[in-house]
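First comes the structure, then the notes that go with it.
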Amino acid sequence: MHLKSWGFKMKVLVYGYGLMGKKIAHKVRSQNDMELMGIVSYEFDEKVPEKTYSSLKECDEKADVIIDFSHPNNLNDILTYALANQTKLVIATTGYSQEQLDQIKEASKEIAIFQSYNTSFGVQMVTKMLRQFAKEFYDAGYDIEILEKHHNQKIDAPSGTAELLYEVMAEEIDGVEACYDRSSRHEKRKKEEIGIQSLRGGTIFGEHTIMFAGVDEIIEIKHTALSKEVFVQGAISAAYALNDKDNGLFTLKSLY
């Protein structure tokens, strides 16, 4: 539901001003029912019309929501501000440790948080498909492999989305384990393995393929992001969807 019918604008802070942060800021500016209150980044390579901060410690205004496409190192800064101001969070940063994920979960007891490694609707639909039939393939003897491809500037591997796809299947299939590297394994593939492999090169926005390999046949599910706009729109939609949530931890599986 949009806010314009309520007579006020959602005040938004964007955390991170890299490629995604710039796109998010541009999208927020174009929304009639959102106000870009400021941008937080340790550096800016261009001048922006809004207030800028190097840390949320410098911000004495209250935002309704923070949209974060930055770095795991910023989590404490974000959570401290959000808890103090009851600010909702859309967290799309990848590379968190388990300890940081636990911090996010604990904070969600007090504030509403959407946390996802991928905000696109297409990936949401892929997870629904995997929940429906991945176990059937596995029980029928098919081997399962995940291959993800991204641009050469991505610093984490495997991608958070690949991890999400694995976790979805692991919740449905008892006893499976992730296999990230077979170079040191001098043995045949185990049935319980779900392989997760990464390729990095060029300007690939993001491509994820789940392969089910059986005897004499292969079935693949593939999601290709042709631009980053799918992630931008997903993050904006998540911010709107959080508006009527007081607290809780939400993902693509539970927010909509």
Side-chain angles (χ1 to χ4, degrees), residues 72 75 91-109 112-150 154 156-199 206-225 231 234 238 241 245 247-256:
L75 182 63
I91 300 177
T93 293
T94 64
Y96 287 118
S97 67
Q98 185 57 52
E99 181 181 355
Q100 289 177 311
L101 293 173
D102 290 341
Q103 284 181 268
I104 293 171
K105 186 175 181 180
E106 184 65 25
S108 71
K109 295 177 181 178
I113 302 176
F114 171 82
Q115 192 262 323
S116 179
Y117 298 123
N118 191 307
T119 57
S120 77
F121 176 76
V123 167
Q124 178 189 0
M125 297 306 295
V126 169
T127 63
K128 287 185 177 182
M129 287 188 278
L130 293 178
R131 288 193 182 282
Q132 184 173 346
F133 56 69
K135 186 177 187 301
E136 289 189 53
F137 277 118
Y138 180 82
D139 289 345
Y142 286 69
D143 297 320
I144 306 174
E145 296 281 317
I146 299 170
L147 174 64
E148 59 95 352
K149 304 175 185 178
H150 281 87
K154 188 172 179 60
D156 58 314
S159 69
T161 301
E163 294 278 20
L164 170 66
L165 297 173
Y166 166 75
E167 290 167 6
V168 166
M169 290 187 285
E171 289 174 5
E172 301 297 322
I173 308 170
D174 292 334
V176 294
E177 61 183 42
C179 177
Y180 299 98
D181 180 16
R182 291 195 174 90
S183 63
S184 61
R185 299 190 182 194
H186 301 287
E187 60 186 15
K188 67 178 183 179
R189 188 190 193 283
K190 297 177 182 178
K191 173 180 172 55
E192 296 79 17
E193 294 175 3
I194 294 181
I196 306 176
Q197 307 302 321
S198 302
L199 293 179
E207 182 179 298
H208 294 83
T209 303
I210 307 96
M211 179 185 73
F212 299 92
V215 178
D216 297 334
E217 62 181 352
I218 297 173
I219 297 92
E220 291 184 342
I221 301 174
K222 181 178 179 181
H223 176 274
T224 303
F231 310 124
K245 313 292 185 186
N247 65 296
L249 181 58
F250 303 93
T251 66
L252 280 177
K253 298 176 286 184
S254 59
L255 184 59
Y256 302 106

Please examine the side chains of [Y] and [X], heavy atoms only from C-beta on, and report whether any two atoms are closer than 4.5 Å.
{"X": "Met125", "Y": "His223", "answer": "no"}
{"X": "Thr94", "Y": "Glu163", "answer": "no"}
{"X": "Thr127", "Y": "Leu165", "answer": "yes"}
{"X": "Val123", "Y": "Leu164", "answer": "yes"}

With sequence neighbours left out, write down each residue that passes side-chain contact (heavy atoms from CB on, under 4.5 Å) with [X], or none if nothing qualifies.
{"X": "Ala92", "answer": "Phe69, Thr119"}
{"X": "Gln98", "answer": "Leu101, Asp102"}
{"X": "Met129", "answer": "Val126, Phe133, Ile221"}

Distance check, rounded to the nearest 0.5 Å: [X] atom [atom1] versus [Y] atom [atom2]?
{"X": "Ile91", "Y": "Leu75", "atom1": "CD1", "atom2": "CG", "result": "6.0 Å"}
{"X": "Asp143", "Y": "Ile218", "atom1": "CG", "atom2": "CD1", "result": "10.0 Å"}
{"X": "Ile144", "Y": "Glu192", "atom1": "CD1", "atom2": "CD", "result": "11.5 Å"}
{"X": "Glu171", "Y": "Glu167", "atom1": "CD", "atom2": "CD", "result": "7.0 Å"}
{"X": "Ile113", "Y": "Glu106", "atom1": "CD1", "atom2": "CD", "result": "10.0 Å"}
{"X": "Leu147", "Y": "Lys222", "atom1": "CG", "atom2": "NZ", "result": "9.0 Å"}

Nearest heavy atoms of [X] and [Y], plus distance in Å:
{"X": "Phe114", "Y": "Ala238", "value": "CD2-CB, 3.7 Å"}
{"X": "Ala112", "Y": "Phe250", "value": "CB-CE1, 4.3 Å"}
{"X": "Ala162", "Y": "Ile196", "value": "CB-CG2, 4.0 Å"}
{"X": "Ala157", "Y": "Ser198", "value": "CB-OG, 3.9 Å"}
{"X": "Cys179", "Y": "Arg182", "value": "SG-CG, 3.6 Å"}

Quick one: does Gln115's side chain have a donor or acceptor within less than 3.5 Å of a partner on Ile104's backbone?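 Here the side-chain-to-backbone pair does not exist.
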Strictly distance-based, threshold 3.5 Å: is any side-chain N or O of Glu148 a donor or acceptor partner for the main-chain N or O of Ser159?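 Side chain of Glu148 to backbone of Ser159: a pair is present.
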Quick check on side-chain hydrogen bond (donor to acceptor under 3.5 Å, both in side chains): which of His208, Glu207, Gln197 does Lys149 satisfy it with?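 Answer to the side-chain hydrogen bond (donor to acceptor under 3.5 Å, both in side chains) test with Lys149 among His208, Glu207, Gln197: Glu207.
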Check the surroundings of atom [atom1] in [X]: do more than 12 heavy atoms from other residues, nucleotides or ligands lie under 6.0 Å from it?
{"X": "Glu177", "atom1": "CD", "answer": "yes"}
{"X": "Lys191", "atom1": "NZ", "answer": "yes"}
{"X": "Asp181", "atom1": "CG", "answer": "yes"}

Ser116: which residues meet the side chain to side chain donor-acceptor pair (under 3.5 Å) condition with it, sequence neighbours left out?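 With neighbours one apart ignored, the set is empty.
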Before giving the answer on side chain to side chain contact (heavy atoms under 4.5 Å, CB included), spell out for Met169 and Ile194 the whole-Å C-alpha distance, their side-chain angles and the decisive distance to 0.1 Å. CA-CA 9 Å; Met169 290 187 285; Ile194 294 181; 4.2 Å; yes
Can you give me every donor-acceptor pair (side chain of residues 134-142, partner residue at least two apart or in another chain, under 3.5 Å) with its distance?
residue: Lys135; atom: NZ; partner: Asp139; partner atom: OD2; Å: 2.7
residue: Tyr142; atom: OH; partner: Glu217; partner atom: OE2; Å: 2.2

Mind jotting down which residue pairs meet the ring pair (Phe, Tyr, Trp, His ring centres under 6.0 Å) criterion with at least one end in residues 157-199? Sequence neighbours excluded, please.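 Qualifying pairs: none.
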